[in-house]
Protein chains: 2
Amino acid sequence: MPKKRVLVPFKTGSHDHDRCIDLALAEAESACRKQHLRFTELRRRVLELVWSRHIPMKAYDILDELCRDGRAAAPPTVYRALDFLLTAGLVHRIESLNAYVGCGGPGKPHIGQFLICRQCNAVAEIDAPAITQALTQDAKRLGFRADTQTIEIKGLCSECNVSA
Amino acid sequence: MPKKRVLVPFKTGSHDHDRCIDLALAEAESACRKQHLRFTELRRRVLELVWSRHIPMKAYDILDELCRDGRAAAPPTVYRALDFLLTAGLVHRIESLNAYVGCGGPGKPHIGQFLICRQCNAVAEIDAPAITQALTQDAKRLGFRADTQTIEIKGLCSECNVSA
DNA sequence: ATCGTGTTTGTTATAATATAATGTCTTTGG
DNA sequence: CCAAAGACATTATATTATAACAAACACGAT
Ligand SMILES: [Zn+2]
Ligand SMILES: [Zn+2]
Ligand SMILES: [Zn+2]
Ligand SMILES: [Zn+2]
């Protein structure tokens, strides 16, 4: 069984985040080229906004930023771009927050599990195949064939734990 | 470690569902009495509607039913009742569907995992402490202290598997 | 180059989900 | 009964998401 991986770790306040963004955009560019998907300017910009901080981003906040860019933008603008990014495996949706985070392992298919800090909203993405498989197995015992999993854990990250 | 339990199994089309409802209402009545919570007529009715089928129920569908009852009802009516039932541990919210299901193990505190059929919407609730603990443990390794878990699996139930 | 086709984006409107704020009525304990 | 807290009604509004259709654009085939 593949080993557990941390796809997106918790990030400290001070790290070279421009690098996080550049890397994510470069990986997205490459992933889209490989799959013959169009990584348009709009989609690139939305992905950049999703990655603008290591916290889940709301659709309407992204929309506000697009408008601030001077671009003509309405809800469909952002929801369509997000749909594309979701389908392309470049972002994940956090169901319990109606928000979106950048995927830490685009290209490599995986089922992510998300850790979300109640206090500072920081998000980490991990891929623990043992859990995925245990759930699939438990489901199977009830005759249920699982195809997607939503796993979102809330709590306190290490920094917020200390200060709490 | 406690054994895995099925809190709400998948239900066949033909079972004595009135009995499911009566049982859920009786358990709720008892749980509320124990905790000195007021199980009012409105809350009872909303719980009854949540249990009306073994599928996640939407707030506005419940609202429609309340109106059909002849009762004065607006969104806050149903959301307040649902908040009460959530807090009292009598229903769970399915985050990925913005919908609500009756809890299969009220009183006994637990962290449920939900299996949801894409086809017929049937929901089962299980309690697999091994998974809960594995997730908590994985989180801990990242310095994260987990307090709540949202686990929602989508797929096909056994009946829909056959007919698919 | 130009056409035809499918994709992407713009635009307007509306649907679906959820909460804020305020006042009234009801329950409950003293 | 009375006071206080809790529950409910009512109105308004905030938040999240999609429908429907038109215009602009990308791209391969001629
Ligand atoms: Zn960063
Ligand atoms: Zn934190
Ligand atoms: Zn039943
Ligand atoms: Zn089914």
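Everything quoted here is computed from the prediction, not taken from an experiment.
Looking only at side-chain heavy atoms (C-beta outward), Arg141(B) and Phe144(B) stay at 4.5 Å or farther from each other.
The existence of a salt bridge linking Asp138(B) and Lys4(A) is confirmed by a sub-4.0 Å separation between a basic side-chain nitrogen and an acidic carboxylate oxygen. The pair Asp69(A)-Arg45(A) meets the salt-bridge criterion, with a side-chain N (NZ, NE, NH1 or NH2) lying under 4.0 Å from an Asp/Glu carboxylate O.
You can see that DNA chain C meets the heavy atoms of chain A within a 4.0 Å-exclusive cut from dT7(C) to dT12(C), reading 5' to 3'.
The nearest whole Å value for the distance from the CG atom in Asp83(A) to the C1' atom in dT16(D) is 13 Å.
In this model, the phosphate group of dT16(D) is approached by a side-chain N or O of Lys58(A) to a distance below 4.0 Å at OP1 or OP2. Look at Tyr79(A) and you'll find a side-chain N or O under 4.0 angstrom from OP1 or OP2 of dA17(D).
When the local axes at the two ends of the helix from dA1(C)-dT30(D) to dG30(C)-dC1(D) are compared, using 5 base pairs at each end, they differ in direction by 30° after rounding to 10°.
Judged purely by distance below 3.5 Å, without hydrogens or angles, the side chains of Arg93(B) and Thr150(B) never pair a donor atom with an acceptor atom. Inspection of the Thr132(A) and Gln113(A) side chains reveals an N or O donor paired with an N or O acceptor under 3.5 Å. If you check the side chains of Ser96(B) and Glu152(B), you find a donor sitting under 3.5 Å from an acceptor.
Both Leu115(B) and Ile151(A) sit in one connected hydrophobic cluster of ILVMFWY residues. Membership requires side-chain heavy atoms under 4.5 Å apart, directly or through other members. Linking Ile, Leu, Val, Met, Phe, Trp and Tyr residues whenever their side-chain heavy atoms come within less than 4.5 Å leaves Phe114(A) and Ile111(B) in two separate clusters. In the hydrophobic cluster analysis, where Ile, Leu, Val, Met, Phe, Trp and Tyr join through side-chain heavy atoms closer than 4.5 angstrom, Ile94(B) is grouped apart from Leu86(B).
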Show me the protein contacts with nucleotides 6-13 of chain D, counting only N or O atoms at under 3.5 Å.
unit_1	atom_1	unit_2	atom_2	d
dA7(D)	OP1	Arg43(B)	NH1	3.1
dA7(D)	O5'	Arg43(B)	NH2	3.3
dC8(D)	OP1	Thr40(B)	OG1	2.7
dA9(D)	N7	Arg80(B)	NH2	2.7
dA9(D)	N6	Arg80(B)	NH1	2.9

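A stacking contact between Tyr60(A) and dT15(D) is absent: the pair does not combine a ring-centre distance of less than 5.5 Å to the base's six-membered ring with planes differing by less than 30°.
The environment of Arg118(B) atom CZ is dense: over 12 non-hydrogen atoms of other residues, nucleotides or ligands sit within 6.0 angstrom.
Arg93(A) comes within 4.0 angstrom of sugar-phosphate atoms only, judged by non-hydrogen atoms across all strands, and of no base.
Judged by the 6.0 Å and 45° rule, Arg43(A) forms a cation-pi pair with Phe84(A).
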